[in-house]
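Taking it in order: structure first as structure tokens, then the write-up.
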2 protein chains.
Amino acid sequence: MQRTTRQRTAVAELLEHSAEFRSAQEVHRMLADRGESVGLATVYRTLQALAEVGEVDALRGPDGEVRYRRCDEQAHHHHLVCRRCGTAVELDAAAVEAWSGTIAAAHGFTAVEHTIELFGLCATCSAADARA
Amino acid sequence: MQRTTRQRTAVAELLEHSAEFRSAQEVHRMLADRGESVGLATVYRTLQALAEVGEVDALRGPDGEVRYRRCDEQAHHHHLVCRRCGTAVELDAAAVEAWSGTIAAAHGFTAVEHTIELFGLCATCSAADARA
DNA sequence: GACTCAATGAGAACGATTGTCAAAACGGCT
DNA sequence: AGCCGTTTTGACAATCGTTCTCATTGAGTC
Ligand SMILES: [Zn+2]
Ligand SMILES: [Zn+2]
Ligand SMILES: [Zn+2]
Ligand SMILES: [Zn+2]
């Protein structure tokens, strides 16, 4: 049976209060800074578990690192993510979904999945950039 | 100045005759098997260079590996890729392009880029799977 | 052929992620 | 509270893709 441990609680807690996408390494470091140190391997395991259950969303950034975040929307959706600070906007892309399904079928592909994410600089980070 | 070497020719040549997305590691192995051995570092450098110039398209598969392939379409486009054999279909997604641009602007994001790729099993691989 | 400088490649270094396994900690039970 | 079987943890090693280093090689030029 699934047990409730200090570590799992700490990780879930952190994501709960974070609006940005965070990598396992970041979570690990942030918890350490906060004095709630959790083993790196455990952070990875916990995040993956949460993602599998659908508790959190996972996506691979342009740099190849996988990032996680707890989304409001439970259903399938995509994101517009700030590549600087990780802030994300949840997108409902019904039109795009339909498009991908149709295209795939038209080419005889099965078991189709898709990766649709938008990366940019959020308003805040854009402003900061302009000032610099 | 850019020099023409046996290695660069070999890599370009291989991509030229391959319809599938190939990773650097795969290219390196394939060349070795074919007797045209090229250093791994060189393969990486060459593929990246080709990608930068737009000679080939690069995309990161679900497993995190970057794959390259020479596409017919020179303009910006996306793909429907077989996650088994790497075969790819080039997609013209004007509608999706417009969508991503509009969405991004609506949220105040700048310098927006997008990742839009579809992965599945091509007709051939689907059939092979069913038989097994 | 001689010279110069880009290119190569073997191997080390890297950074993210996964595997290992003995020790620590839950949770149910008494 | 104390026991116990099972789950979890975490320090550390191992993987894996990719990048870096730097001595050696070779393309292009005269
Ligand atoms: Zn930002
Ligand atoms: Zn979708
Ligand atoms: Zn296939
Ligand atoms: Zn596009």
Side-chain angles (χ1 to χ4, degrees), chain A residues 1-15 20-53 55-69 81 83 86 115 117 119, chain B residues 1-15 20-53 55-69 81 83 86 115 117 119:
Chain A
M1 123 226 2
Q2 172 77 299
R3 293 180 182 174
T4 308
T5 66
R6 173 183 71 75
Q7 294 79 337
R8 291 217 251 256
T9 305
V11 172
E13 182 76 6
L14 191 159
L15 286 188
E20 296 83 28
F21 269 89
R22 299 299 187 195
S23 71
Q25 306 270 1
E26 284 175 346
V27 171
H28 174 256
R29 197 173 317 118
M30 293 174 78
L31 287 176
D33 290 347
R34 165 184 311 197
E36 299 201 84
S37 185
V38 174
L40 184 54
T42 301
V43 172
Y44 271 102
R45 282 186 293 241
T46 304
L47 288 176
Q48 284 164 357
L50 287 174
E52 261 165 33
V53 182
E55 273 292 300
V56 303
D57 272 25
L59 64 77
R60 192 184 299 273
D63 58 356
E65 253 192 330
V66 178
R67 294 198 148 67
Y68 304 83
R69 112 153 188 171
V81 189
R83 71 166 70 85
T115 297
E117 307 295 350
F119 297 96
Chain B
M1 122 225 2
Q2 173 76 302
R3 294 179 182 175
T4 307
T5 65
R6 172 183 69 77
Q7 295 76 339
R8 290 216 250 257
T9 305
V11 172
E13 181 76 5
L14 191 159
L15 286 188
E20 297 81 28
F21 269 90
R22 299 301 187 193
S23 71
Q25 309 268 359
E26 285 175 344
V27 171
H28 174 257
R29 197 173 318 117
M30 293 174 79
L31 287 176
D33 291 348
R34 165 184 313 197
E36 298 202 85
S37 185
V38 174
L40 184 53
T42 301
V43 172
Y44 272 103
R45 283 187 291 241
T46 304
L47 289 176
Q48 284 165 357
L50 288 174
E52 262 166 33
V53 183
E55 273 291 299
V56 303
D57 273 25
L59 64 77
R60 192 182 297 274
D63 57 356
E65 249 191 331
V66 178
R67 295 195 144 67
Y68 305 83
R69 113 154 186 169
V81 189
R83 73 166 69 86
T115 296
E117 305 296 348
F119 296 96

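Here is the naming used below: chain letters follow the sequence lines, and residue numbers restart at 1 for every chain. Quick caveat: nothing in here was measured; it's all calculated off a predicted structure.
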Residues touching DNA chain D, which here means a heavy atom under 4.0 Å, drawn from residues 41-49 of chain A: Ala41(A), Thr42(A), Arg45(A)

Any donor-acceptor N or O pair under 3.5 Å, side chains Thr9(B), Arg6(B):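 There is no such pair between these side chains.
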
Is there a donor-acceptor contact under 3.5 Å from the side chain of Arg8(A) to the main chain of Thr46(A)? no

Nearest-Å distance, [atom1] ([X]) to [atom2] ([N])?
X        : N       : atom1 : atom2 : result
Asp63(A) : dG17(D) : CG    : P     : 18 Å
Gln2(A)  : dG27(C) : CD    : P     : 10 Å
Arg67(B) : dT18(D) : CZ    : C1'   : 14 Å
Leu40(A) : dT18(C) : CG    : C1'   : 10 Å
Glu52(B) : dT19(D) : CD    : C1'   : 14 Å
Arg3(B)  : dG26(D) : CZ    : P     : 13 Å
His28(A) : dG10(D) : NE2   : P     : 9 Å
Arg60(B) : dG15(C) : CZ    : P     : 16 Å

Quick check: do [X] and [Y] have side-chain heavy atoms less than 4.5 Å from each other?
X        : Y        : result
Gln25(B) : Leu40(B) : yes
Arg45(B) : Thr42(B) : yes
Val38(A) : Val27(A) : no

Is the phosphate of [N], meaning OP1 or OP2, less than 4.0 Å from a side-chain N or O of [X]?
X       : N       : result
Thr5(B) : dG26(D) : no
Arg8(A) : dT9(D)  : yes
Gln7(B) : dG9(C)  : yes
Arg6(A) : dG10(D) : yes
Thr4(B) : dG28(D) : yes

Could you say whether Met1(B) or Glu65(B) is positioned toward the 5' end of DNA chain D, judged by the nucleotide with the nearest heavy atom to each? Glu65(B)

What residue among Glu55(A), Arg22(A), Gln48(A) forms side chain to side chain contact (heavy atoms under 4.5 Å, CB included) with Tyr68(A)?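 Testing each of Glu55(A), Arg22(A), Gln48(A) against Tyr68(A), the sole residue satisfying side chain to side chain contact (heavy atoms under 4.5 Å, CB included) is Gln48(A).
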
I want to verify a distance call: between dT18(D), dG28(D), dA16(C), whose nearest atom is closest to the Val66(B) side chain?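 Within the option list, the nearest is dT18(D).
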
